[in-house]
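Before any comments, here is the structure.
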Amino acid sequence: EDLPPEVVDRAKGVTLQAISSVLLGSQTPAGKQAVALMTAEEGGVTNGATILVNGAKATNGGAAFANSGMAFSGGKWDTFRMLTHPGTAIIPSALVAAEAAGASGKAYLAGVVAGYEVMERMAADFIPTTMAHGFHPGPVFAIFGATVATAKIMGLNEDQVNSAIGLCASLAGGNLESARSGGRALREGAAVRNAML
């Protein structure tokens with residue numbers, strides 16, 4: 001109720017944008033690979049979260065990883081300062097958290113807004129220098145946005161949120177060396193899976 005109507009509208013918009021990217025990404029080789037990895041690794045999970053489009057169940061982290069992978073490979077990202085794509089991390093985590101908690105639409109939207117607020121404020125001053133230090137800002141900051149959205153939706157208390165943010169500092173990644181040496185980086189998908197941990 002405290003969120004301005006234009007903020008609620010934007011949260012709905014970025015959700016639809018991310019879901020459209022998931023739909024497109026589910027047809028790409030990278031999106032199919034993310035789903036195949038999670039269904040192979042976590043087959044048989046019955047009370048986890050849903051992998052979008054596919055419908056299979058995986059752990060919360062596994063479903064968020066697959067959904068993030070599809071959102072990223074779909075290419076319909078929102079962009080903050082041209083180097084982070086918050087919707088590929090925050091929306092998959094928020095959807096999994098809402099499913100796990102049985103949260104209302106209002107709780108989901110509040111979590112999305114909180115995740116964007118934290119991720120973008122943290123990234124704002126550091127995006128230009130993060131790459132110069134050998135890290136991609138997307139996964140470095142995505143873990144914080146995904147975690148805050150999840151914490152808000154799941155109703156974590158102050159101590160739990162503090163601990164979750166502390167774990168983010170330990171688990172944040174995004175080293176550029178893989179891409180520089182011909183490998184493939186996991187980017188936001190890895191950050192999302194770590195956020196759900």
Atom pair [atom1]/[atom2] of [X] and [Y] - distance to nearest 0.5 Å:
{"X": "I90", "Y": "E117", "atom1": "CD1", "atom2": "CD", "answer": "10.5 Å"}
{"X": "M70", "Y": "T28", "atom1": "CE", "atom2": "OG1", "answer": "9.0 Å"}
{"X": "S21", "Y": "I91", "atom1": "OG", "atom2": "CD1", "answer": "11.5 Å"}
{"X": "Q17", "Y": "T88", "atom1": "CD", "atom2": "OG1", "answer": "10.5 Å"}
{"X": "I165", "Y": "Q160", "atom1": "CD1", "atom2": "CD", "answer": "12.0 Å"}
{"X": "D78", "Y": "Y116", "atom1": "CG", "atom2": "OH", "answer": "3.5 Å"}

Please output the side-chain donor-acceptor pairs of residues 95-114 that fall under 3.5 Å, not counting sequence neighbours, one pair per line with the distance.
{"from": "E99", "atom 1": "OE1", "to": "T50", "atom 2": "N", "distance (Å)": "3.0"}
{"from": "E99", "atom 1": "OE2", "to": "T50", "atom 2": "N", "distance (Å)": "3.4"}
{"from": "E99", "atom 1": "OE2", "to": "T50", "atom 2": "OG1", "distance (Å)": "2.7"}
{"from": "E99", "atom 1": "OE2", "to": "K57", "atom 2": "NZ", "distance (Å)": "3.1"}
{"from": "S104", "atom 1": "OG", "to": "K106", "atom 2": "N", "distance (Å)": "3.4"}
{"from": "S104", "atom 1": "OG", "to": "A107", "atom 2": "N", "distance (Å)": "3.0"}
{"from": "K106", "atom 1": "NZ", "to": "E1", "atom 2": "OE2", "distance (Å)": "3.2"}
{"from": "Y108", "atom 1": "OH", "to": "T15", "atom 2": "OG1", "distance (Å)": "2.8"}

For [X] and [Y], which heavy atoms make the closest approach, and how far apart are they?
{"X": "A18", "Y": "G87", "result": "CB-O, 3.8 Å"}
{"X": "M119", "Y": "T84", "result": "CE-CB, 3.8 Å"}
{"X": "A66", "Y": "I51", "result": "CB-CG2, 4.0 Å"}
{"X": "M38", "Y": "G62", "result": "CG-O, 3.1 Å"}
{"X": "A64", "Y": "P92", "result": "O-CB, 3.9 Å"}

Donor-acceptor pairs are to be reported for all side-chain atoms of residues 140-155 against protein atoms at under 3.5 Å, with residues two or more places apart or in another chain.
{"from": "T147", "atom 1": "OG1", "to": "I143", "atom 2": "O", "distance (Å)": "2.8"}
{"from": "T150", "atom 1": "OG1", "to": "A146", "atom 2": "O", "distance (Å)": "2.9"}

- Should the ring pair W77 and H85 be called parallel, tilted or perpendicular, given that the plane angle runs from 0 to 90° and is split at 30 and 60? tilted
- Task: Flag yes if L24 and F72 sit in one hydrophobic cluster, no otherwise; membership is Ile, Leu, Val, Met, Phe, Trp, Tyr, and two members link when side-chain heavy atoms are under 4.5 Å apart.
- Result: no
- Message: Can you tell whether the side chains of R10 and E6 come within less than 4.0 Å, N to carboxylate O?
- Response: no
- Should we count CD of E158 as having more than 12 external heavy atoms under 6.0 Å? no
- Query: Can you tell if the side chain of P86 reaches within under 4.5 Å of the side chain of E120, non-hydrogen atoms only?
  - Reply: yes
